[in-house]
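Written out below as structure tokens is the structure these notes cover.
Everything quoted here is computed from the prediction, not taken from an experiment. These numbers come from the heavy atoms of this one structure, side chains and all, not from hydrogens, waters or symmetry mates.
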Amino acid sequence: MDIEEVLKFADELVLAKTGKHLDNLQQVILVASWQGKRYSHIAKEFYCTERHIANVASKLWQLLSERLDENVTKSNFRPAMKRHQLYHYSNFLNHNFLEQGDINFCTETSHNLESSQKSSSPQTSNKDDNRQKLQFDLKDAPEIRAFCGREIELATMQNQLLEQRCRLIILLGFRGIGKTTLTLQLVEQVKSQFDYIIYRSLYFAPTPETTINNLLQVFSPTEISQDITTQLSQLLDYLRKYRCLIILDDVQMLFTREQLAGHYQNGLENYQRLFTLAAEVNHNSCLLLNSSEKPREITNLEKDNQYCFSLVLESLGNAGIEILRKQNLADESSWINLIQIYKGNPLWLKFTANLIQELCGGGVARFCSLRCRLLVNLCKNY
């Protein structure tokens, strides 16, 4: 049972009791409790008092206790969840349907679900026929081995995607800050809400015709026009017909170096048409861009279009401690200093942690001291 399953199960319990979903702070409390962290850690992250965290947590434990019919606390939260997982799994093997309070656990197979859907009304049947075309094309996406922190950013992205129904979202930040990791974690959260989810990297700066052609092949693997206007029209038709999430990573590779930010390379200017149409034309889908450089047209779109949203991903903050802990580094009192030096960038922290292991036997304090002396010597020589 991973933390995503825990959050989903806890959200169902709280929703059944209160009619409301878990808020951001409640989710963070559950994640921190699952990971064995203290309330003081959460308080620092949220810039509030430890007493406030304890009060919110107390009400949350009470809600879960009432729904699970046992006393749930911070200390026994993890084993309590695991016990209930085993309980439901045991019943899954012996029954076709289990009902606990207001929460139903259905064990019908997809075949049975399809059979029941066919017997529904024509309007429902047509809608479900579209849902049967569900397709996730994430074969080019990197494997995410770990996700830490970013609960607030994740909740913000999810809100813009599902509640605000944004048609164009751009996630900005330095290389290695965690844009792709956050995006793929978001996919895990929202995948049930989409018919198609497609990931493509623009690292090698393909022409817009090549990219759009590639996307169209997912919907209909037939011969496609090479005319950019026709391609855009066909793609927009699919974005209207289905609920799609299309992720384009490494957008910064489309821009010319040593010029003003967001200036497209020769032959790639039609990406601007794609991004602008995605924001301005009415459809049911979302184009999500990851970039370390902001396309120039996005600034104007944000001012005039409520369906365009950008988020700058900044330092991982104290959540970077988890990265250093997994690297088995010593001198924990120096970890925060190391995180500040490398701007809370996960990639830089991982690289530096490996370097510390090789050069200093895992001693962070020694590494920081050597780094300071090196900088002093460089300044003297300069």
With distance as the sole test, does [X] use its side chain to make a donor-acceptor pair with the main-chain N or O of [Y] at under 3.5 Å?
X: Ser285; Y: Leu239; answer: yes
X: Lys343; Y: Ile177; answer: no
X: Gln135; Y: Asp195; answer: no

(request) Can you sort out the partners of Asp11 under side-chain hydrogen bond (donor to acceptor under 3.5 Å, both in side chains), two or more places apart, ordered by chain and number? (result)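 Asp11 satisfies side-chain hydrogen bond (donor to acceptor under 3.5 Å, both in side chains) with His21 only.
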(message) Which residues pass the side-chain hydrogen bond (donor to acceptor under 3.5 Å, both in side chains) test with Ser58, not counting sequence neighbours?
(response)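 So Ser58 forms no side-chain hydrogen bond (donor to acceptor under 3.5 Å, both in side chains) with any residue.
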What I want to check is whether the side chains of [X] and [Y] have a donor and an acceptor closer together than 3.5 Å.
X: Ser310; Y: Glu302; value: yes
X: Tyr264; Y: Glu297; value: yes
X: Ser201; Y: Asp140; value: no
X: Arg240; Y: Asn284; value: no

(request) List the steps and the verdict of side chain to side chain contact (heavy atoms under 4.5 Å, CB included) for Arg296 and His263. (result) CA-CA 7 Å; Arg296 289 183 295 175; His263 187 277; 3.7 Å; yes
(message) Working note: Val218 + Arg200, criterion side chain to side chain contact (heavy atoms under 4.5 Å, CB included); need CA distance, chi angles, decisive distance, verdict.
(response) CA-CA 12 Å; Val218 176; Arg200 292 291 182 268; 3.6 Å; yes
(request) Taking the side chain as every heavy atom from C-beta outward, state whether Cys286 and Arg167 have any atom pair closer than 4.5 Å. (result)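 SC-SC contact between Cys286 and Arg167 ruled out.
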(message) Side chains of Leu64 and Asn71, heavy atoms from C-beta outward: is any pair under 4.5 Å?
(response)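 No; the side chains remain at least 4.5 Å from each other.
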If two hydrophobic side chains count as joined below 4.5 Å and joins carry through other members, does [X] share a cluster with [Y]?
X: Phe174; Y: Leu171; value: no
X: Leu274; Y: Tyr307; value: no
X: Leu215; Y: Tyr203; value: no
X: Leu277; Y: Leu235; value: yes
X: Leu289; Y: Leu268; value: yes

(message) Between Lys179 and Asp249, does any NZ, NE, NH1 or NH2 come within less than 4.0 Å of an OD or OE carboxylate oxygen?
(response)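 No, no charged N to carboxylate O under 4.0 Å.
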(message) Less than 4.0 angstrom from a charged side-chain N to a carboxylate O is my criterion; do Arg273 and Glu280 meet it?
(response)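 A salt bridge is absent here (no side-chain N lies under 4.0 Å from a carboxylate O).
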(request) Report the relative orientation of the aromatic rings in Tyr242 and Tyr238; use parallel for angles under 30°, tilted for 30 to 60°, perpendicular for over 60°. (result)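 It falls in the parallel class, under 30°.
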(request) Could you label the plane-to-plane angle of the Phe77 and Trp61 rings as parallel, tilted or perpendicular, counting under 30° as parallel and over 60° as perpendicular? (result)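 If you compare the ring of Phe77 with that of Trp61, the planes turn out tilted.
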(request) Might you point out which heavy atoms bring Arg67 and Leu13 nearest each other, and give the distance in Å? (result)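 The answer is CG-O, 3.6 Å.
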(message) Please check if the number of heavy atoms outside Arg175 that lie under 6.0 Å from its CZ is greater than 12.
(response)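 No, because the 6.0 Å sphere around CZ of Arg175 holds 12 heavy atoms or fewer from other groups.
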